[in-house]
Amino acid sequence: MSGYHKRDWETFPMHKIKRVDRPTTLINANEVQRVREREAGFCKAAAGDYGPVLQREFRRFVPKHPLSRAASWMSNAMRSLVDGMVAAQKAPIPTDPAALSRHIKETAYFLRADAVGICELPGYAVYSHKFDFRNPDADEIPIELNHKYAIGILIDQDYRTSSAFAGSDWISNAMSMVSYATSGFIAIILAYYIRRLGYPAKAHYAPFYDINVPPVLLLAGLGEMSRIGDSVLHPFLGPRFKAAVVTTDLPLLPDKPVDFGLQDFCSKCKKCARECPSGAISDGGKVMFNGYEKWPVNVKKCTGMRVGNQRGSGCGTCIKVCPWNKPYTPFHRAVGWAVRHSGIARSLAMWGDDLLGYGKPDDSKKWWYDLEDVAGDGILQIPGNKKSEFEER
Ligand code: SF4
Ligand code: SF4
C-alpha cells in the first residue's frame with residue numbers, strides 16, 4: 001500500500017490535473033478490433049510461439065522467487081471470486097451517478113487503492129476470447145461482457161523498493177505480483193459489494209482479465225499513453241503501478257481523460273528506450289496499431305527478457321528509470337507541477353534526472369534476499385550470475 005497517509009478524499013490531487021474530452025493519443029473506435037487474449041506476449045510465450053525455452057521458462061519465471069511465488073499463489077487462490085450472484089433487491093441508496101461515483105471511489109480508497117478512475121466500458125476493450133495459461137492447448141473461450149462502466153484501480157509498486165532494485169533483479173516479479181494480488185483483492189471486494197447493492201459487477205485482475213486494460217485507464221483519466229509500449233503513465237505514480245478493473249452496470253459518472261504534457265515529455269526523454277536491457281522500446285515516433293496511436297514496442301523482446309531473465313525474476317527497468325517514477329514529496333510535487341506547465345521545465349527535468357543519479361540502484365535500501373527456487377519444491381539457492389540469452393546488451 002502507498003502509505004500516503006494525508007489523503008483528502010483521494011490519495012492524489014487529481015483535481016489539479018488538466019482534463020480533456022479525448023485521450024491525448026488517438027483511439028479510432030471505428031478501427032479498433034477486439035483481440036484475443038492470446039495475442040499478448042505472455043500468452044504467446046506460454047503457448048510456445050516464442051520457442052521451447054521461453055515456454056519452459058514461462059512456467060517458472062514467476063514462482064522462481066519465493067515472494068513472487070507467494071503473491072501469485074494468492075492471486076490464483078482468489079480466481080473463483082471474480083463474479084457471483086447479484087442481490088435480488090436493489091439497496092436503498094442514491095441513484096445519482098455523481099454521488100454513487102464518489103461513494104465507489106471512496107470505497108476503493110478505503111480498501112487501500114492508490115488511484116481510482118471511472119469510464120464507460122468501450123466494447124472494443126473487451127477481449128474476444130479467453131486464454132487459459134495453465135492449459136495453453138485448450139480451446140479459447142469467447143467472452144461476452146456487456147457491462148456499461150469500468151472502474152480502474154491502481155496499486156503502487158512501492159517507491160522505496162523501486163529505488164533499491166536495479167530493474168531486472170530478483171525482486172522485480174514480486175513487485176508486480178504483490179501489486180496484482182492487492183489490486184485483485186480490492187477489485188473482488190468492490191465487485192462483491194456492488195453485487196450486494198443489487199447491480200452486476202465483475203472483477204478483472206492479472207492474469208484473469210476479460211479486458212485490455214490500457215484503453216480503460218486512458219478513458220478513466222488515470223494517465224496518458226507512454227513510450228513504454230502499451231503502458232499508461234499516471235501523473236503522480238508514473239509507470240510504477242499495476243491495475244485491476246471492476247466492470248459493472250451500477251450507474252456511474254465517467255471521469256474525463258487527463259493531459260499532463262506526457263506526449264511532449266516522452267517524445268524527447270527516451271530514457272526507457274536507452275536503458276531497456278532487451279532493446280524492446282523504440283526511440284522513434286508513434287504509430288497507429290489496431291486503431292490506437294502508440295509508441296511501438298517489440299513485445300517478443302520484452303517478453304523474452306521478462307520470462308527468460310536468468311539473473312533475476314522478471315524485468316521492470318523501464319519503470320525503474322522513468323523520470324516520472326518519483327515519491328510523493330513536496331519537492332517532487334513542485335517539480336511535477338512545473339513539468340506539467342512548462343516545456344522548459346520538462347527539458348530541465350530530463351537533464352536533471354540523469355545528473356542527480358535517478359534510475360540507479362540504491363543498495364542501502366535493499367531489503368530482500370536474492371533467492372532462486374530452482375526445483376519448485378522449496379530448495380532455494382543463491383543465484384549465480386547467469387546471463388540471459390535474451391539480453392541484447
Ligand atoms: S525488457 Fe524490461 S525495460 Fe524493456 S520494455 Fe520490457 S520490462 Fe521494460
Ligand atoms: S522514461 Fe521517459 S520516454 Fe520513457 S516512459 Fe518515462 S518519460 Fe516517457
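Every number for a ligand or one of its atoms is a count from 1 in the order of the listing. One-based numbering along the sequence shown.
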Taking the side chain as C-beta and beyond, is there a heavy-atom pair between C318 and P239 under 4.5 Å?
-> no
Scan side-chain atoms only and decide if H65 and S313 contain a donor-acceptor pair under the 3.5 Å cut-off.
-> no
Look at the aromatic rings of F58 and F61 and report parallel, tilted or perpendicular, splitting at 30° and 60°.
-> tilted
What orientation do F236 and Y328 show, parallel under 30°, tilted 30 to 60°, or perpendicular over 60°?
-> perpendicular
Under 4.0 Å to a heavy atom of [X] - the qualifying atoms of ligand 2, by number:
X	result
C269	1 (S), 2 (Fe), 3 (S), 7 (S)
W324	7 (S)
F265	7 (S)

Of the protein's non-hydrogen atoms, which lies at the shortest distance from atom 4 (Fe) of ligand 2, and what is that distance?
-> C272 SG, 2.3 Å
Donor-acceptor under 3.5 Å (K286 side chain, E293 main chain) | no
Please walk me through it: do D353 and K326 pass salt bridge (charged side-chain N to carboxylate O under 4.0 Å, His left out)?
-> CA-CA 10 Å; D353 207 67; K326 290 291 183 290; 2.7 Å; yes
Could you name all protein N, O or S atoms found under 2.8 Å from atom 6 (Fe) of ligand 1?
-> C302 SG
Note: K270, heavy atoms under 4.0 Å from ligand 2, region reported as backbone
Under 4.0 Å between a Lys/Arg side-chain N and an Asp/Glu carboxylate O for E275 and K360?
-> no
C266 near atom 2 (Fe) of ligand 2: N/O/S under 2.8 Å = no
Within 45° of the ring axis of Y199 and under 6.0 Å from its six-membered ring centre, is that where the NZ or CZ of K90 lies?
-> yes
Counting heavy atoms only, name the option from S226, G238, C322, A273 that's nearest to atom 6 (Fe) of ligand 2.
-> C322
With sequence neighbours excluded, give me every side chain to side chain donor-acceptor pair (under 3.5 Å) pair touching residues 119-130.
-> E37-K130
